[in-house]
Amino acid sequence: MGIKGFFFRPVVESMEGYVPGEQPQDRRYIKLNTNENPYPPSPRVLEALRRAVTDDLRLYPDPVATELRQKAAERYGVLPDQVIAGNGSDDLLSMLFRACVDPNGPGQVAYAVPTYVLYDTLATLQGVAPKTAPYAADFTFPAQALLAFEARLTIVCNPNSPSGTLTPVSTIERFARQSRGLVVVDEAYVDFARETALSLLATCPNVVVLRTFSKSFSLAGMRVGLGFGSADVIRELHKVKDSYNLDRLSLVAARAALDDYAWMEANVAKVRASREELTTELRNLGFDVLPSESNFLFAKSSQQSAADLYVKLKELGILVRYFPAAALRDGLRITVGTPEENHALISALRSLMKR
Ligand SMILES: *Cc1c(COP(=O)(O)O)cnc(C)c1O
């Protein structure tokens, strides 16, 4: 082909590329593999979207999402200048890496592992090897090891994926006060948890909090995320974003979703109740389940290989997430579904465990 070494940067040629969880298009599975919400988005979101499908689609969207940022600022108790909108929070992560991580500077990025694998991909793309410190076996946050890296950007996924565990906000606060760099708290799952780091924005100018509409708001298909930080930090991030990163429909959907906050909260309450039930049932089947503050569980079986269970569940029409990485390959990450989906999972596992 002759393109090797000529068209692309070496890091791009040699990297794998991020592999998202399976999104099969061939058949309908009970889909417990990518932490989507099992309940539909608010009817008010769907109605607002229908009304927005007009000739106005010929016009560009608001490049800085003014109305959405105003609404979010009111909802979360900050100023609009402290908010940036992203095409999913993956887009916000990408902006942060582009803005902060530089192979020629002191531009290290640090985080505790195992965690969200996209961080590795984004670091590699910037030409930087991430500095990582392992979580303890019970997923206690390795604050001292991370502080020693003196990174320009430290990411704390909280609740963490794929463990589902939560680092107390008081721990993150102490960590941020001792860090010179930015501390990004990726709160993709925080609506399912008992506390958020948003309160730190008032006292820690180096904290950035990322939220997404993909999980608690049931809008993974719309691609909307929000970033919160000091006005100075948010201004710099606006410089590196794509000009029209959210389309007109996404902006409409996100605003309507914030207007029907109670809908999200009701779905979150159902998921949390199911999470506790599912934890108990998995433990009764002999699984070791980490305490989860998210909408998924990380479960290990000492009797059966996780890789095997993943394959057999898939044959039975149930998709869960299996990570082949050494630190994770003895477990499965299971999204909490509806009560019916969870029962289907439990009966499938019961039959597989007997064999
Ligand atoms: C799902 C997820 C995101 C981002 O999701 P978007 O759909 O891009 O908003 C970010 N971080 C973590 C840890 C996630 O699980």
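Counting starts at 1 for both ligands and their atoms, in listed order. One is the number of the first residue; the rest follow in order along the sequence.
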Exercise for the section: Could you tell me whether Ser89 approaches ligand 1 through its side chain, its backbone, both or neither, with non-hydrogen atoms closer than 4.0 Å? Expected result: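 Both the backbone and the side chain of Ser89 come within reach of ligand 1.
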Handout entry: Under-4.0 Å heavy-atom contact with ligand 1, by part of Asp186 that carries it
Key =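 Looking at Asp186 and ligand 1, just side chain atoms fall under 4.0 Å.
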Handout entry: Cationic N near anionic O, under 4.0 Å, Lys71 to Asp259
Key =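 Looking at Asp259 together with Lys71, the answer is yes, because their closest N to O distance falls below 4.0 Å.
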Handout entry: Pair Glu47 + Arg50: basic N to acidic O under 4.0 Å
Key =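 Answer for the salt bridge query: yes.
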Under 4.0 Å to a heavy atom of [X] - the qualifying atoms of ligand 1, by number:
X      : answer
Ala188 : 2 (C), 3 (C), 10 (C), 11 (N), 12 (C), 14 (C)
Gly88  : 6 (P), 8 (O), 9 (O)
Cys157 : 13 (C)

Exercise for the section: Just need the protein heavy atom nearest to atom 2 (C) of ligand 1, so name the residue and atom and give the distance. Expected result: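 Nearest neighbour among protein heavy atoms for atom 2 (C) of ligand 1, to 0.1 Å: Lys215 NZ, 2.4 Å.
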Problem - Protein heavy atom at shortest distance from atom 8 (O) of ligand 1 - result: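 Ranked first by proximity to atom 8 (O) of ligand 1 is Arg223 NH2, 2.7 Å.
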Exercise for the section: Check whether NZ of the Lys or CZ of the Arg Arg75 lies under 6.0 Å from the centre of the six-membered ring of Tyr261 and within 45 degrees of that ring's axis. Expected result: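 Ring-cation test returns yes.
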Exercise for the section: Establish, yes or no, whether the cationic atom of Arg333 lies under 6.0 Å from the six-membered ring centre of Phe298 and within 45° of the ring axis. Expected result: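 Not satisfied by the 6.0 Å and 45° rule.
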Handout entry: His343 side chain reached by Glu281 side chain, heavy atoms, under 4.5 Å
Key =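 Yes, their side chains come closer than 4.5 Å.
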Problem - Ile234 side chain reached by Val83 side chain, heavy atoms, under 4.5 Å - result: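 Heavy-atom side-chain distance check fails, nothing below 4.5 Å.
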Exercise for the section: Examine Ser214 against ligand 1 and note whether any of their N/O atoms are separated by less than 3.5 Å. Expected result: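 Yes: some nitrogen or oxygen of Ser214 is under 3.5 Å from one in ligand 1.
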Problem - From the candidates Tyr116, Tyr189, Tyr119, the one that places a heavy atom nearest atom 15 (O) of ligand 1 - result: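 Checking each option, the heavy atom nearest atom 15 (O) of ligand 1 is found in Tyr189.
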Problem - Pair Tyr111 and Tyr116, ring centroids less than 6.0 Å apart - result: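 Between Tyr116 and Tyr111, which both carry aromatic rings, the centre distance is not below 6.0 Å.
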Practice task
Please confirm whether Asn35 comes under 4.0 Å of ligand 1, counting heavy atoms of the residue only.
Solution key: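 So Asn35 does not count as touching ligand 1.
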